[in-house]
Peer 1: 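The structure's right below; bear with me while I get my questions together.
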There are 2 protein chains.
Amino acid sequence: MEFEAIIGRMRGRGYKVTPQRLAVLEALAAERHQSLDELRGRCSGVGLATLYRTLDLLTGIGVVRRLELGDGPRYELAEDHHHHLICESCGEISEFEDCPLDGVGRIGGFSPRAHSLEVYGRCEGCR
Amino acid sequence: MEFEAIIGRMRGRGYKVTPQRLAVLEALAAERHQSLDELRGRCSGVGLATLYRTLDLLTGIGVVRRLELGDGPRYELAEDHHHHLICESCGEISEFEDCPLDGVGRIGGFSPRAHSLEVYGRCEGCR
DNA sequence: TTACATGCAAATGGTTTGCAAACAT
DNA sequence: ATGTTTGCAAACCATTTGCATGTAA
């Protein structure tokens, strides 16, 4: 989803488009799975409470994904579908797009809408 | 893993087996994916700090799994391998054993050691 | 014009920690 | 006997909230 679409979605739901919200979006676009502090570094000028409120807002309308990767929460734009590989040796986080749940329909009587998958292990460099 | 094995593992690593630790283990055995408060309810008599410390200890030696299912952390004995279905309508949490990652080896250059998978959607009753 | 958004500082609440007493081995 | 564990209360710290001010539409 590009910025235009995101802005449209915000306006469409009655949210205002402010410089702070745009700044947060740009910070999110800079890199995937950032911690709050990383985002904060890219958003100097945006108050801490506003950063939290904006992340909540964006998560609520499906624009941002909140991740739990073992250390604190991380955030990323919910553009494409991918999952994370977390290296337990060096902490590096990488992505893989090849989702093993592709094409999985009903699970028992349960209808899946979304899922999260995190894989822990050792990255190539740490092998 | 039965209690005997768990106790053995604790002793083997130099940890003492105390009534509080046994109480926490029994509480964990009563039900899967319990919240801290649920555990607390089954462990009246064990101080809050001790409960936290015990869960840390047991997680550290691989006996307990800590889950992030959307609301706060939850805990369960790490006996068998399974994943969770979280109903977004009623909040019910159920399990499924049929892991779509079974048999997946190296992912790119990454060597998986463990993984967590959570599926969000609607349970049969809420369909 | 006005309802929504921001920033600051204070409040919150889950989790951790310090320390003296109690305990497993 | 002694190093570990416990419970309590205090400390922490990430996140949330109240409110007066600023602002997008």
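Lettering follows sequence order; numbering is per chain, from 1.
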Peer 1: Using five base pairs at each end to define the local axes, how bent is the helix from dT1(C)-dA25(D) to dT25(C)-dA1(D), to the nearest 10°?
Peer 2: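 What I find for the helix from dT1(C)-dA25(D) to dT25(C)-dA1(D) is an axis angle of 50°.
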
Peer 1: Does a side chain donor of either Tyr75(B) or Arg66(B) reach within less than 3.5 Å of an acceptor in the other side chain?
Peer 2: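 There is such a pair between these side chains.
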
Peer 1: Quick check for you: name the first and last nucleotides of DNA chain C, 5' to 3', having an atom under 4.0 Å from a heavy atom of chain A.
Peer 2: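 Answer, 5' to 3': dA3(C) to dC8(C).
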
Peer 1: I'd like to check the side-chain hydrogen bond (donor to acceptor under 3.5 Å, both in side chains) partners of Thr50(A); sequence neighbours left out, ordered by chain and number.
Peer 2: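 side-chain hydrogen bond (donor to acceptor under 3.5 Å, both in side chains) list for Thr50(A), sorted by chain: empty.
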
Peer 1: Main chain of Lys16(B), side chain of Arg21(B): is a donor-acceptor contact present, judged purely on distance under 3.5 Å?
Peer 2: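 Yes, the answer is positive, given that a donor and an acceptor are paired below the 3.5 Å cut-off.
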
Peer 1: Could you list the residues that satisfy side-chain hydrogen bond (donor to acceptor under 3.5 Å, both in side chains) with Ser35(A), not counting sequence neighbours?
Peer 2: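 Glu38(A).
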
Peer 1: Using heavy-atom distances to pick each residue's nearest nucleotide on DNA chain C, tell me which of Tyr15(B) and Thr54(A) is more 5'.
Peer 2: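 So the residue in question is Thr54(A).
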
Peer 1: Scan residues 97-110 of chain A for pairs that pass side-chain hydrogen bond (donor to acceptor under 3.5 Å, both in side chains), counting only residues two or more places apart or in two chains.
Peer 2: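 Output for this query lists Arg106(A)-Ser111(A).
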
Peer 1: When the aromatic ring centroids of His84(A) and His115(B) are compared, is their separation below 6.0 Å?
Peer 2: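 When the ring centroids of His84(A) and His115(B) are compared, they turn out to be at least 6.0 Å apart.
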
Peer 1: Using modelled atom types and a 3.5 Å cut-off, is there a donor and acceptor pairing between side-chain atoms of Glu76(B) and backbone atoms of Arg32(B)?
Peer 2: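 It does not hold such a pair.
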
Peer 1: Output one letter per nucleotide in nucleotides 13-20 of chain D: B when a protein non-hydrogen atom lies under 4.0 Å from the base, S when only the sugar-phosphate is that close, - when neither is.
Peer 2: -SBBBB--

Peer 1: Leu58(B) CG to dT5(D) P: how many Å, rounded?
Peer 2: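 My rounded result for the distance is 12 Å.
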
Peer 1: If you measure from the Lys or Arg side-chain nitrogens to the Asp or Glu carboxylate oxygens, is any gap between Glu88(A) and Arg113(B) under 4.0 Å?
Peer 2: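 Looking at Arg113(B) together with Glu88(A), the answer is yes, because their closest N to O distance falls below 4.0 Å.
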
Peer 1: Heavy atoms, side chains only, cut-off 4.5 Å: are Arg65(A) and Leu77(A) in contact?
Peer 2: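 No, side chains not in contact.
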
